[in-house]
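Excluded from the calculations below are hydrogen atoms, water molecules and symmetry mates; all remaining heavy atoms, backbone and side chain alike, are included.
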Amino acid sequence: MGVTGLLTKLKPIQKQITLDQLYSKRLAIDGYSWLHKATIGCSYELMMDLNTNTYLKYFIKRINMLKRYNIKPYFVFDGAKINVKEGIESSRLEKRILNKKRGISLWDTGKHLEAIEYFKKSVDVTPQMAKCIIDYCRSENIDYIVAPFEADSQMVYLEKEGLVDGIISEDSDLLIFGCKNLITKLNDRGEARQIERKDFNMLEEPFSIGKFSPEQLRLMVCLSGCDYTKGLGHIGLTFAYMFTSTGKSIEGILEDFIESGKLTTESAEIFLKEYYFADCSFQFQRVFSPTQQKVVTLNDITSEYLYDFKKSRILYSSIGKVINKRTRIVEYIENDEDIDHEMHRLISIGERDPSNFQTRLVSRENLINESGETQNSIQFYYSNLWNKYASPLPLHPIFNKTPVGSLSLSCN
DNA sequence: CAAGTAAACTACAT
DNA sequence: TCTCGGTTTACTTG
Ligand SMILES: [Mn+2]
């Protein structure tokens with residue numbers, strides 16, 4: 001979900017630009033962000049397990065647009081799920097399944113146009129579709145990489161290492177990871193909005209986050225809620241900014257809440273744990289280095305963590321499980337030499353499925369050609385969930401994401 | 001009223 | 001195997 005409300009508060013420093021202002025730049029592109037847009041146009045074909053080149057054509061159209069400005073794309077695709085990120089995903093999955101069922105029953109009663117509206121809401125973007133794009137990238141000599149975990153951290157790593165000059169994505173998280181040049185809302189006329197990290201200084205009260213250290217930025221979004229923390233109830237970006245402005249540490253802020261009776265010690269402990277994991281994930285999430293050809297961390301692990309047993313255990317359990325070279329088990333590994341960097345290289349080039357390294361990754365379109373009968377759809381992978389909902393239309397809301405505590409605050 | 005929350009909408013392509 | 005996001009609008013709550 002990114003950071004709710006962040007881009008809105010950054011409106012004063014968002015610049016409307018056109019692609020000629022990015023002439024001959026190298027830009028990382030969030031592959032799944034484009035795939036999610038591209039697959040809307042072929043939701044029916046995806047639903048019926050039919051071959052389609054619609055989503056590839058979307059990519060080609062946009063790549064050609066970039067080419068006219070001599071912009072060099074570097075596609076970055078998400079890899080495996082990182083376990084720090086939990087909660088909202090399962091509810092998204094159940095919603096997709098419900099929408100698919102609803103679409104099918106509408107289709108069966110002849111209401112095809114209405115059915116497709118539900119198919120659009122149930123589109124399931126898979127690594128096999130990413131592989132279809134990857135095959136094209138290979139044939140055209142376009143740079144690409146499959147991240148070991150989130151594309152977010154991988155793209156920021158590429159920018160930090162000077163391999164790209166900016167990042168095309170819709171995700172506000174990138175700025176918290178440390179992105180310096182974010183390009184959002186690119187349309188097919190070559191217009192976009194640019195957010196530069198250096199412009200944070202120009203923001204004014206009551207949201208002058210230019211004065212915040214990177215650590216304080218992470219604290220602020222953790223308090224208000226982000227991909228890695230559910231946040232404290234009744235705290236959004238506005239209050240999170242105020243509490244962070246006091247200069248206090250997370251421990252100090254939570255203590256104030258407990259003392260004033262706004263938070264129980266149990267809730268504070270749960271949140272504190274979440275925060276430690278989130279803070280590490282933002283800083284040290286594992287990425288793949290295309291120059292070193294091995295798994296590395298987004299930023300170098302500081303001595304503060306290295307020489308503190310407890311802190312380093314927290315750190316290594318927040319940055320992602322990797323493959324053990326000897327046992328081939330996917331687990332938390334602290335010793336770099338125990339990591340199967342070669343297998344992670346195969347994942348990074350799209351040879352292996354990032355969530356299941358023993359499986360070769362094959363383009364969706366080739367899969368359907370080869371086997372004739374496919375079992376790649378959502379109802380096969382999640383047959384238990386699919387069957388759980390007796391058809392049709394058991395519409396009840398499902399929420400997993402609930403706040404840790406419940407604060408009662410007033411403006412003062 | 002202002003801040004937070006939740007649900008609805010959009011996309012694409014034509 | 002298990003998946004990207006933001007914006008708008010209407011509501012609740014202190
Ligand atoms: Mn993100």
Side-chain angles (χ1 to χ4, degrees), chain A residues 1-11 29-46 52 54-55 57-59 61-62 76-83 85-86 88-97 116-117 119-130 147 149-152 155 168-174 182 184-185 187-188 193 206 224-225 227 231-242 262 330 347 352-359 361 375-378 380-382 385 395 397-399 401-403 406-412:
Chain A
M1 287 303 263
V3 182
T4 308
L6 181 58
L7 289 184
T8 314
K9 289 217 184 288
L10 294 180
K11 216 99 193 206
I29 298 171
D30 188 338
Y32 273 68
S33 172
W34 280 21
L35 266 176
H36 273 275
K37 294 176 200 293
T39 47
I40 301 288
C42 49
S43 59
Y44 172 77
E45 288 81 357
L46 299 179
T52 176
T54 303
Y55 64 93
K57 279 197 313 203
Y58 175 91
F59 272 72
K61 191 178 71 186
R62 298 208 129 194
V76 180
F77 297 94
D78 284 283
K81 188 190 83 174
I82 186 152
N83 17 10
K85 205 175 174 181
E86 271 165 12
I88 194 104
E89 278 92 10
S90 54
S91 85
R92 272 189 189 168
L93 171 65
E94 298 201 2
K95 268 183 186 164
R96 273 198 302 276
I97 288 179
I116 286 180
E117 288 310 305
F119 291 160
K120 286 179 182 177
K121 293 176 186 172
S122 68
V123 170
D124 183 27
V125 174
T126 66
Q128 286 77 17
M129 297 176 193
F149 299 98
E150 290 181 286
D152 304 26
M155 291 190 289
I168 298 179
S169 171
E170 311 302 322
D171 193 349
S172 55
D173 280 346
L174 288 161
L182 180 61
T184 63
K185 290 164 189 62
N187 63 24
D188 50 14
R193 282 184 206 168
S224 82
D227 281 353
L232 297 162
H234 303 118
I235 298 243
L237 262 188
T238 306
F239 279 123
Y241 166 80
M242 286 170 51
K262 289 166 182 161
V330 179
I347 291 172
R352 300 298 181 101
D353 189 318
S355 314
N356 185 8
F357 67 89
Q358 284 149 344
T359 309
L361 189 57
Q375 299 206 330
N376 299 305
S377 321
I378 206 163
F380 294 108
Y381 284 129
Y382 296 101
L385 266 180
L395 286 179
I398 300 146
F399 304 109
K401 204 170 179 180
T402 48
S406 174
L407 295 185
S408 50
L409 296 168
S410 52
C411 310
N412 50 0

So which atom in A:D227 and which in A:M1 form the shortest heavy-atom distance, rounded to 0.1 Å? OD1-N, 2.8 Å
Nearest listed nucleotide, side chain of A:F239, among C:dG6, B:dC12, B:dG4: B:dG4
Spacing between A:F119 atom CZ and B:dC12 atom C1', to the nearest angstrom: 16 Å
For a quick check of understanding: with a heavy-atom distance under 4.0 Å over all strands, which category does A:L35 fall into, base, sugar-phosphate or nothing? nothing
When rounded to whole Å, the NE2 to C1' distance for the pair A:H234 and B:dA2 reads 14 Å
Side-chain donor or acceptor of A:R352 paired with backbone N/O of A:F357 under 3.5 Å: yes
Inter-nucleotide C1' distance (B:dT10, C:dT8), Å rounded: 10 Å
Nearest to the side chain of A:T54, heavy atoms from C-beta on, is which of B:dA11, C:dG6, B:dA13? B:dA13
Considering heavy-atom distances to DNA chain B, does A:K9 or A:D188 have its closest nucleotide positioned more toward the 5' end? A:K9
Reckon A:D171 touches a base, only the sugar-phosphate, or nothing at all at heavy-atom distances under 4.0 Å? sugar-phosphate
When rounded to the nearest Å, what value does the distance between C1' atoms of B:dA8 and C:dG5 take? 16 Å
Do the side-chain N and O atoms of A:T359 and A:D353 include a donor-acceptor pair separated by under 3.5 angstrom? no
So does A:I97 get a backbone contact from the side chain of A:S122, meaning a donor-acceptor N/O pair under 3.5 Å? no
Looking only at the side chain of A:K185 (C-beta and beyond, no hydrogens), which of the listed nucleotides B:dA13, B:dA11, C:dG6 gets closest? C:dG6
C:dG6 C1' sits how many Å from A:K37 NZ, rounded? 8 Å
I'd like the P distance from C:dG6 over to B:dC12, given in whole Å. 16 Å
Taking CD1 from A:I235 and P from B:dA2, how many angstroms apart are they, rounded to a whole number? 19 Å
Which listed nucleotide (B:dA13, B:dT10, C:dG5) is nearest to the side chain of A:K61? B:dA13
Separation of A:K57 atom NZ from B:dC12 atom P, in whole Å? 15 Å
Select from A:D173 and A:P127 the residue whose nearest nucleotide in DNA chain C is closer to the 5' end of that strand. A:P127
Which is true for A:Y55 with a 4.0 Å heavy-atom rule: it touches a base, it touches only sugar-phosphate, or it touches nothing? nothing
Whole-Å gap separating C1' (B:dT5) and CG (A:L237): 14 Å
Whole-Å distance between B:dC12 C1' and A:I116 CD1? 12 Å
Of all heavy-atom pairs linking A:A240 and A:S224, the shortest is CB-CB, 3.8 Å
Calculate the interatomic distance between A:W34 atom CH2 and C:dC4 atom C1'; express it in whole Å. 14 Å
A:K121 has a side chain; which of B:dG4, C:dG5, B:dT10 sits nearest to it? B:dT10
Quick check for you: among C:dG5, C:dC4, B:dA13, whose closest atom lies nearest to any side-chain atom of A:D78? C:dC4
Identified ring-ring contact (aromatic ring centres under 6.0 Å, His included) counterpart of A:F59 within the set A:Y32, A:F77, A:W34: A:W34
5'-most contact on DNA chain B (nearest-nucleotide basis), A:K120 vs A:T4, goes to A:T4
Return the nearest nucleotide to the side chain of A:T238; candidates are B:dG4, B:dA11, C:dC4. B:dG4
Out of C:dG6, C:dT7, C:dC4, which nucleotide sits closest to the side chain of A:S172? C:dG6
Between B:dA11 and C:dC2, how many Å separate the two C1' atoms, rounded to a whole number? 22 Å
